[in-house]
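See structure below.
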Amino acid sequence: MALTDFLSASDITSAINACRANDSFSPKKFFAMVGLSKKSPPEIEKIFMILDQDKSGYIEQDELQLFLQNFSKGARPLTAAETRAFLLAGDKDGDGKIGWDEFSNLVMSS
Ligand SMILES: [Ca+2]
């Protein structure tokens, strides 16, 4: 299963290009551009499972840092500031990682 099973390749390219500069990444803007916000909860859950690369049930900081590379292998890693901001935006219970419910809330609000 790949993200391109759910999202259009041209939307992915546009979303990646829009945050090419360091510190220009915004999770909500990216989710909207890539078309994730319009997906159904079951589709968002499958996408979450792809982003949770080690299948721990959470998207941890190291996975957040390499978040863009799930969409495009050549994409840049997020900067430390972007990774922290992404975590803060999603991690409502403060456990330092993003669970499924937190991810879907963040996606739905974008
Ligand atoms: Ca994980």
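- D5 places a side-chain N or O within donor-acceptor distance of the main-chain N or O of A2, the cut-off being under 3.5 Å.
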Would you check, one step at a time, whether the test side chain to side chain contact (heavy atoms under 4.5 Å, CB included) holds for T13 with S72? CA-CA 8 Å; T13 303; S72 166; over 6 Å; no
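- For the pair A81 and D23, the tightest heavy-atom approach, listed with the atom from each and the gap, is CB-OD1, 3.9 Å.
- The two atoms that bring W100 and F48 nearest to each other are N-CZ, 3.5 Å, heavy atoms only.
- The main-chain N or O of A75 is found under 3.5 Å from a side-chain atom of Q69 such that the two form a donor-acceptor pair.
- Interatomic distance, NZ of K46 versus OG of S40, reported as 7.5 Å (0.5 Å rounding).
- Taking hydrophobic clusters as Ile, Leu, Val, Met, Phe, Trp and Tyr residues chained together by side-chain heavy-atom distances below 4.5 Å, L78 shares a cluster with I50.
- Interatomic distance, CG of D95 versus CD of E102, reported as 5.5 Å (0.5 Å rounding).
- Note that NZ of K39 is 14.0 Å distant from CZ of F31, once rounded to the nearest 0.5 Å.
- Put simply, NZ on K38 and OG on S110 are 10.5 Å apart, with the number rounded to the nearest 0.5 Å.
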Side chain to side chain contact (heavy atoms under 4.5 Å, CB included) for Y58 and I98? Distances and angles first, verdict last. CA-CA 5 Å; Y58 296 93; I98 297 180; over 6 Å; no
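- With E60 contributing its side chain and K97 its backbone, the two residues share no donor-acceptor pair below 3.5 Å.
- Each of I47, L106, D11, L3 was compared with L36 under the side chain to side chain contact (heavy atoms under 4.5 Å, CB included) criterion, and only I47 meets it.
- Below 30°, between 30° and 60°, or above 60°: for F86 and F25 the angle between ring planes is between 30° and 60°, a tilted geometry.
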Go through it in stages, so that I can follow the logic: the residues are S104 and E45, the test is side chain to side chain contact (heavy atoms under 4.5 Å, CB included), and I'd like the CA-CA distance, side-chain angles, deciding distance and then a yes or no. CA-CA 8 Å; S104 64; E45 187 167 12; over 6 Å; no
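- Between the side chains of N70 and Q53, a donor-acceptor pair is found at a separation under 3.5 Å.
- Rounding to the nearest 0.5 angstrom, the gap separating the CD atom in E63 from the CG atom in D52 is 5.0 Å.
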Begin with the C-alpha distance, continue with both residues' side-chain angles, and end with the deciding distance and a verdict on side chain to side chain donor-acceptor pair (under 3.5 Å) for T79 and N22. CA-CA 7 Å; T79 66; N22 279 351; over 6 Å; no
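- We find that E82 and R76 are joined by a salt bridge, their nearest charged nitrogen and carboxylate oxygen being less than 4.0 Å apart.
- Note on L66 and L7: separate hydrophobic clusters, where clusters join Ile, Leu, Val, Met, Phe, Trp and Tyr whose side-chain heavy atoms are under 4.5 Å apart, directly or indirectly.
- Residue N105 holds its CG atom at 8.0 Å from CE of M108, rounded to the nearest 0.5 Å.
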Take F71 and F30 through the test side chain to side chain contact (heavy atoms under 4.5 Å, CB included) and record every step on the way to the result. CA-CA 11 Å; F71 295 85; F30 186 85; 3.7 Å; yes
